[in-house]
Amino acid sequence: MDNLDKINKVVELILESNNITALTGAGVSAESGISTFRDKNGLWSKFSPLELASIEGFMANPERVWSWYQYRVNIINNSNPNDGHFALAELQKIHKNFSLVTQNVDGLHQKAGSENVIELHGSIIRNKCFDCNQIHEESVINNESLNNCKACNGLIRPDVVWFGEMLPEKEIKLAQDLSFQSDVFLSIGTSAEVYPAADLPLIAKRNGAVVVEVNPELTQLSDYVDIKIELKSGEAMPLILEEYKKRINK
Ligand code: APR
C-alpha cells in the first residue's frame, strides 16, 4: 500500500471509530522550526540532557539550565503552529471523541486551536519554584537571570518534566485511560523511546485498538503498528483531515 492508500485506510478507521487518541512528539513541531531531540541534528546531539534537563543539572548550574531554557523559549515564542497542528485541532473539533496527548512542551497545539491538550511533560512557557512548586506567571519572570520564588525564595525553574522525574499524575493516568478506551491510536512525530508515554500505543493495541504511526522514519514502535504512514505530520495530517471532511461532507 502506498501512503495515499494508507491515508484512505486511516480515514475509514476514523469514520468508524468512537474513541481516538493521538499522541504527539517533537516531530510535529519540527515543521515549525523547533528542533527535535533525537534526529541527527536534534537537541541531544548538541546538548547534554543530564546537564540541562535534570534536577542534578539544575542544582549543579542553575544559571546554565535557566539560560538554555530561555534560549528554547525564545525560539518557541517566535514559532507558529504548522499544518500538522492545525489539522489535528480541526480533527478534534469535528470528530465526536478525539483526545490529544502530547509530549511537547511548546504550546503549539493550543496555539493551533486544540483544546484539553494533555501535556505529559509539562510546559516550557510555565515556570514554578524548584522548592515549593508554586507556579509563577510569565509576567513576573525575568528571562535574563535567575528568579526567586515569591513565596519561599527558592529558585524558579521551567515547569517541565526532567529526566528521572515523575510525570504529572493526573495527566499520565488520563492518557493511560484514554489509550485503553481507544479504538484508533495515532502516534505522530515521536521516536517512541521515552516511557511512560511510549507505553500508550501498546496499551491501546493490547486493548484492541488499531495503531497508526505518522513518521518519515522508522521507530521502536514501527514493528508493532498496524499502519505506518511514512510522511511528515505537516503533510499526512492535512491529507487525512481533507479526506475525512470529504467523506462526512463537511
Ligand atoms: N513529521 C513527523 N515526524 C517527524 C518529523 C515530521 N516533520 N520530523 C521528525 N520526525 C520524527 C523523527 O523521525 C523522530 O522519530 O519525530 C521523532 C522525534 O523524536 P524525538 O526527537 O525523540 O522526540 P520525542 O519522541 O518527542 O521525544 C520524547 O524525550 O527528551 C525527551 O522530554 C523529551 O518529550 C521529549 C521526549
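For clarity, every value in this text was computed on a predicted model and none was experimentally measured. Position 1 is the first residue of the sequence, and the numbers go up from there. Counting convention: from 1, in listed order, for ligands and their atoms alike. Only heavy atoms go into these numbers, but all of them, side chains included; no hydrogens, no water, no symmetry mates.
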Ala26 neighbourhood, listing ligand 1 atoms whose heavy-atom distance to it stays under 4.0 Å: 23 (O), 24 (P), 26 (O)

Salt-bridge criterion met for Glu243 and Lys246 (N-O under 4.0 Å): yes

Residues which pass salt bridge (charged side-chain N to carboxylate O under 4.0 Å, His left out) with Arg126, listed by chain and number, not counting sequence neighbours: Glu119, Asp159

Centroid-centroid distance, Phe58 to Trp66, less than 6.0 Å: no

Residue and atom name of the nearest protein heavy atom (relative to atom 12 (C) of ligand 1), distance in Å to one decimal: Asp39 OD1, 3.3 Å

Under 3.5 Å: N/O of Val194 near N/O of ligand 1: no

Atoms in ligand 1 flagged as close to Trp44, the criterion being non-hydrogen separation under 4.0 Å: 30 (O)

Atom CZ of Phe130 with >12 non-hydrogen neighbours under 6.0 angstrom: yes

From the candidates Gln103, His121, Arg38, the one that places a heavy atom nearest atom 31 (C) of ligand 1: Arg38

Closest protein heavy atom (residue, atom, distance) for atom 13 (O) of ligand 1: Asn215 OD1, 2.8 Å

Nearest neighbour in protein (non-hydrogen) for atom 35 (C) of ligand 1: Phe37 CE1, 3.7 Å

Sidechain N-carboxylate O distance under 4.0 Å for Lys205, Asp226: yes

Which residue and heavy atom of the protein sit nearest atom 1 (N) of ligand 1, plus the separation: Ser233 N, 2.9 Å

Distance filter under 4.0 Å to Ala30 heavy atoms, resulting ligand 1 atoms: 8 (N)

Per-atom contacts of ligand 1 with Glu217, taking only distances under 4.0 Å to non-hydrogen atoms: 13 (O)

Selected option - heavy-atom contact closest to atom 6 (C) of ligand 1, from Ser29, Pro49, Ala192, Gly27: Gly27

Derivation and outcome, side-chain hydrogen bond (donor to acceptor under 3.5 Å, both in side chains), residues Asn19 and Ser182: CA-CA 5 Å; Asn19 301 311; Ser182 297; over 6 Å; no

Under 3.5 Å: N/O of Thr219 near N/O of ligand 1: no

Cationic N near anionic O, under 4.0 Å, Glu16 to Lys9: no

Carboxylate-amine/guanidinium contact Lys173 Asp177, below 4.0 Å: yes

Among Ser35, Pro216, Gly25, Gly189, closest by any non-hydrogen atom to atom 17 (C) of ligand 1: Gly189

Salt bridge Lys232-Glu31, side-chain N to carboxylate O under 4.0 Å: no

From Thr190 atom OG1 to Glu213 atom CD, the distance as rounded to the nearest 0.5 Å: 8.5 Å

Residue and atom name of the nearest protein heavy atom (relative to atom 25 (O) of ligand 1), distance in Å to one decimal: Thr190 OG1, 2.6 Å

Under 4.0 Å to a heavy atom of Glu31 - the qualifying atoms of ligand 1, by number: 1 (N), 6 (C), 7 (N)

